[in-house]
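Here is the structure we will look at.
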Amino acid sequence: MAYKFLEAIEEIKTNLSYQTDKAKQELKEINTRQTKLESDLAALEPRQLRAHSLMSRNDLICAHCFIYNNVESPLKPIASDSEVDLFRCKICGREFESGA
């Protein structure tokens, strides 16, 4: 009878060890995710400030390059068949329409 009791203890110990390892792995993944989210949040604040400041500027610079990379890349006019003026960023290649 004692042998079965010891088997039960061993089974419980094995199960607890598995649960402990699983919980440690999940916690490690959560901590890694938290670190990434904190980094993402830290990068967003200056981008929001640059986006806000760009709204009050009159110069034609690439919004994407300025907001995401803090690079002031002038937009160059490009030929267009439409009635709107088109501009292209020399750095990222994005195209923008002028006007409201």
Gap separating the [atom1] atom of [X] from the [atom2] atom of [Y], nearest 0.5 angstrom:
X	Y	atom1	atom2	value
N70	L49	CG	CG	11.0 Å
L27	Q34	CG	CD	9.5 Å
L60	D85	CG	CG	9.5 Å
Q19	I12	CD	CD1	10.5 Å
I61	I91	CD1	CD1	10.0 Å
T35	D40	OG1	CG	11.0 Å

Do [X] and [Y] come within less than 4.5 Å of each other through their side chains, counting heavy atoms only?
X	Y	result
E11	E7	no
H64	R94	yes
L75	F96	yes

**OP:** Locate the shortest heavy-atom distance separating I78 from F87; write the atom from each residue and the value.
**Re:**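 Heavy atoms only, the tightest pair is CG1-N, 4.1 Å.
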**OP:** Determine the minimum heavy-atom distance between S73 and K90, stating which atoms define it.
**Re:**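 Answer, listing the atom of S73 first, then K90: OG-N, 4.0 Å.
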Original post:
Is there a path from V71 to F66 through hydrophobic residues (I, L, V, M, F, W, Y) whose side chains come within less than 4.5 Å of each other?
Top reply: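 No, V71 does not connect to F66 through the hydrophobic network.
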Original post:
Does any N or O in the side chain of T32 come within less than 3.5 Å of the main-chain N or O of K28, such that one atom is a donor and the other an acceptor?
Top reply: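 Checked: pair present.
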**OP:** Indicate yes or no for a side-chain donor-acceptor contact from S53 to the backbone of R50 under 3.5 Å, with no hydrogens or angles considered.
**Re:**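 Checked: pair present.
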Original post:
Do the charged groups of E10 and K13 touch, with an N to O distance under 4.0 Å?
Top reply: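 Answer for the salt bridge query: yes.
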Subject >> Candidate pair R88 and K76, rule side chain to side chain contact (heavy atoms under 4.5 Å, CB included), full reasoning >> reply: CA-CA 5 Å; R88 180 178 293 130; K76 301 297 180 190; 5.7 Å; no
